[in-house]
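Predicted model, so just to flag it, every value in this text is computed and none were measured.
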Amino acid sequence: MSKTLIRGAKVLGGEPQDVLITDGVITAVGNDLAGTEDATVVEAAGQILLPGLVDLHTHLREPGREDSETVLTGTKAAAVGGFTAVHAMANTFPVADTAGVVEQVWRLGKESGYCDVQPVGAVTVGLEGKKLAELGAMHDSAAGVRVFSDDGKCVDDAVIMRRALEYVKAFDGVIAQHAQEPRLTEGAQMNEGIVSAELGLAGWPAVAEESIIARDVLLAAHVGSRVHICHLSTAGSVEIVRWAKSKGWNVTAEVTPHHLLLTDELVRSYNPVYKVNPPLRTEADVLALREALADGTIDCVATDHAPHPHEDKDCEWGAAAMGMVGLETALSVVQHTMVDTGLLDWAGVADRMSFRPAGIGRLKGHGRPVSPGEPANLTLLDPAYRGPVDPAGFASRSRNTPYEGRELPGRVTHTFLRGRATVVDGKLA
């Protein structure tokens with residue numbers, strides 16, 4: 001029998017309590033607990049105890065781009081960031097559009113041991129948008145896929161999108177859409193607006209996102225299915241999702257940490273670390289996204305962790321790959337933008353980064369209350385910590401963070417996966 005006693009932590013930001021973990025399960029929560037004599041003690045005074053974080057949107061790159069990331073290095077990064085489960089996106093090589101590939105990713109996750117890996121299946125064969133992938137076979141596989149996405153590409157054909165939404169109804173699946181009208185974004189390099197005009201870079205207009213979201217919430221309502229909007233990034237998109245939810249339609253949405261903090265003004269540096277899809281938007285968009293996350297219009301935070309090797313970012317802007325790593329800094333950015341600003345309390349963070357994403361992905365054993373009888377998937381955070389981001393110390397194989405040198409608050413000190421410490425004192429166990 002293994003026992004761990006987390007002593008004096010503020011559970012979801014509340015009053016200090018002790019939490020006893022026995023053989024991977026929370027067995028007691030409170031003060032002056034009995035049966036703790038032989039437990040390993042973690043002193044957690046002043047720290048916040050959250051349910052293990054869940055990411056709906058992670059690029060682990062394996063198979064095919066192991067130079068960027070592997071399931072092992074990606075799950076190490078996830079653990080350091082406080083995540084106990086991640087959803088691995090389908091744009092690998094080969095594409096995760098068959099039962100065989102999603103099972104491969106799922107088994108690699110099992111072998112890594114740092115966090116649970118739930119594969120996301122492709123919506124269409126090869127992400128080409130022309131023919132539905134083996135949605136049923138992927139769901140029936142050992143991986144038990146429930147979320148499907150062509151992320152990186154938009155399912156822009158309305159008929160294909162309708163068929164996908166109809167298909168996944170059979171097993172309560174969800175289609176996660178990368179909302180980007182391709183004809184409106186050909187050659188796009190950054191957000192379309194004042195900055196793009198001044199810099200002479202091809203713009204990615206907000207309407208290219210908003211038009212797809214509007215179409216897809218209508219389709220989801222028409223067929224009575226579930227649609228999830230990936231990395232929502234504009235104020236207009238917020239209003240469309242808010243309207244769809246007011247109708248009672250089954251629509252959910254996520255926002256990335258970088259869209260909660262960074263704006264297109266940073267592109268003036270021409271530093272490709274700020275090149276991302278969807279692009280960094282305006283300050284007005286950022287503020288609208290924060291308010292929407294606070295009021296629940298946006299359901300959750302998802303990292304869109306997109307690792308790239310050095311050579312894919314250390315080049316001129318036009319040739320650089322799009323994407324940023326985000327697993328190891330996500331909770332700090334959320335504390336900075338949402339908690340320290342008073343928009344969310346820690347219970348709200350638990351809801352947006354654990355409870356809701358686990359619910360959207362129908363992920364069992366995660367996003368559970370910190371209560372007796374629940375799996376001990378837990379994250380301890382020191383909210384008083386302040387320090388600069390140093391990518392040299394990342395567990396990820398890639399270093400393309402937009403926060404290098406920026407001081408951010410909060411540090412994950414411990415992560416527990418079913419009671420086993422994957423991170424201890426901020427270091428991988």
For the residue pair [X] and [Y], confirm or rule out a side-chain donor-acceptor distance under 3.5 Å.
| X | Y | answer |
| --- | --- | --- |
| Glu210 | Thr234 | yes |
| His310 | Asp314 | yes |
| Thr185 | Gln180 | yes |

Quiz item: Does the pair Arg418 and Asp116 meet the rule for a salt bridge (charged side-chain N to carboxylate O under 4.0 Å, His left out), with working shown?
Solution: CA-CA 10 Å; Arg418 286 180 288 279; Asp116 287 347; 2.8 Å; yes
Using modelled atom types only, decide if a donor and an acceptor are shared between the side chain of [X] and the backbone of [Y] within a distance under 3.5 Å.
| X | Y | value |
| --- | --- | --- |
| Thr70 | Glu66 | no |
| Arg362 | Gly359 | yes |
| Thr415 | Ala79 | yes |
| Ser354 | Gly52 | yes |
| Asn400 | His308 | yes |
| Arg61 | Pro307 | yes |
| Thr27 | Leu20 | yes |
| Asp55 | Thr303 | yes |
| His228 | Val174 | no |
| Arg411 | Arg386 | no |

Practice problem: Step by step, work out the side-chain contact (heavy atoms from CB on, under 4.5 Å) result for Asp97 and Glu134. | Solution: CA-CA 6 Å; Asp97 56 4; Glu134 300 176 2; over 6 Å; no
salt_bridge([X], [Y]) N-O dist < 4.0 Å:
| X | Y | result |
| --- | --- | --- |
| Asp23 | Lys3 | no |
| Asp67 | Arg397 | no |
| Glu265 | Arg268 | yes |
| Lys153 | Asp151 | no |

Got a sec: does the [atom1] of [X] have more than 12 other heavy atoms crowding it under 6.0 Å?
| X | atom1 | answer |
| --- | --- | --- |
| Phe171 | CZ | yes |
| Ile194 | CD1 | no |
| Glu311 | CD | yes |
| Lys313 | NZ | yes |

Are any of the side-chain heavy atoms of [X] and [Y] separated by less than 4.5 Å?
| X | Y | result |
| --- | --- | --- |
| Thr58 | His87 | no |
| Asp299 | Glu254 | no |
| Arg226 | Val168 | no |
| Glu103 | Thr98 | no |
| Gln177 | Cys230 | no |
| Glu209 | Ser233 | yes |
| Gln118 | Val120 | no |
| Arg281 | Asp264 | no |

Starting at [atom1] of [X], measure out to [atom2] of [Y] and round the result to the nearest 0.5 Å.
| X | Y | atom1 | atom2 | value |
| --- | --- | --- | --- | --- |
| Leu53 | Arg352 | CG | CZ | 14.0 Å |
| Trp317 | Tyr274 | CH2 | OH | 9.5 Å |
| Arg7 | Leu33 | CZ | CG | 10.0 Å |
| Arg356 | Leu56 | CZ | CG | 12.0 Å |
| Asn271 | Glu404 | CG | CD | 9.0 Å |
| Glu328 | Thr401 | CD | OG1 | 9.0 Å |

Quiz item: Yes or no on side-chain contact (heavy atoms from CB on, under 4.5 Å) for Thr422 and Phe83, after CA distance, side-chain angles and deciding distance?
Solution: CA-CA 10 Å; Thr422 56; Phe83 291 88; over 6 Å; no
Quiz item: Hey, which of His259, His258, His59, His178 is the one that makes ring pair (Phe, Tyr, Trp, His ring centres under 6.0 Å) with His231?
Solution: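 Output: one option passes, namely His178.
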Practice problem: Walk me through it: do Asp382 and Gln47 pass the test side chain to side chain donor-acceptor pair (under 3.5 Å)? | Solution: CA-CA 5 Å; Asp382 177 6; Gln47 297 192 46; 5.9 Å; no
If you take all heavy atoms of [X] and [Y], which pair is closest and at what distance?
| X | Y | answer |
| --- | --- | --- |
| Tyr114 | Ala429 | OH-O, 3.7 Å |
| Ala220 | Leu165 | N-CD1, 3.9 Å |
| Gln335 | Pro409 | NE2-CB, 3.5 Å |

Practice problem: Would you check, one step at a time, whether the test side chain to side chain donor-acceptor pair (under 3.5 Å) holds for Thr73 with Glu69? | Solution: CA-CA 6 Å; Thr73 60; Glu69 196 77 283; 2.5 Å; yes
Quiz item: With a 6.0 Å cut-off on ring centres, are His305 and His57 close enough?
Solution: no
Practice problem: Apply the test salt bridge (charged side-chain N to carboxylate O under 4.0 Å, His left out) to residues Asp312 and Lys275: give CA-CA distance (whole Å), side-chain angles for both, the deciding distance (0.1 Å), then the verdict. | Solution: CA-CA 11 Å; Asp312 286 1; Lys275 188 176 181 181; over 6 Å; no
Practice problem: Carefully, step by step, assess Leu378 and Ile6 under the rule side-chain contact (heavy atoms from CB on, under 4.5 Å). | Solution: CA-CA 10 Å; Leu378 300 167; Ile6 301 172; 4.1 Å; yes
Quiz prompt | Criterion side chain to side chain donor-acceptor pair (under 3.5 Å) on Thr329 and Ser332, from CA distance to verdict | solution = CA-CA 5 Å; Thr329 52; Ser332 290; over 6 Å; no
Quiz item: Knowing that exactly one of Val333, Leu327, Asp304, Leu331 qualifies, which makes a side chain to side chain contact (heavy atoms under 4.5 Å, CB included) with Pro257?
Solution: Val333
Practice problem: Among Val255, Leu232, Ile213, find the one that has a side chain to side chain contact (heavy atoms under 4.5 Å, CB included) with Val238. | Solution: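 Filter result, single survivor: Leu232.
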Quiz prompt | Test log, rule side-chain contact (heavy atoms from CB on, under 4.5 Å), inputs Thr256 and Val301 | solution = CA-CA 6 Å; Thr256 70; Val301 176; over 6 Å; no
Exercise. In sequence, state the C-alpha distance, the side-chain angles, and the governing distance for Thr379 and His414, and then conclude on side chain to side chain donor-acceptor pair (under 3.5 Å).
Key: CA-CA 6 Å; Thr379 299; His414 291 73; over 6 Å; no
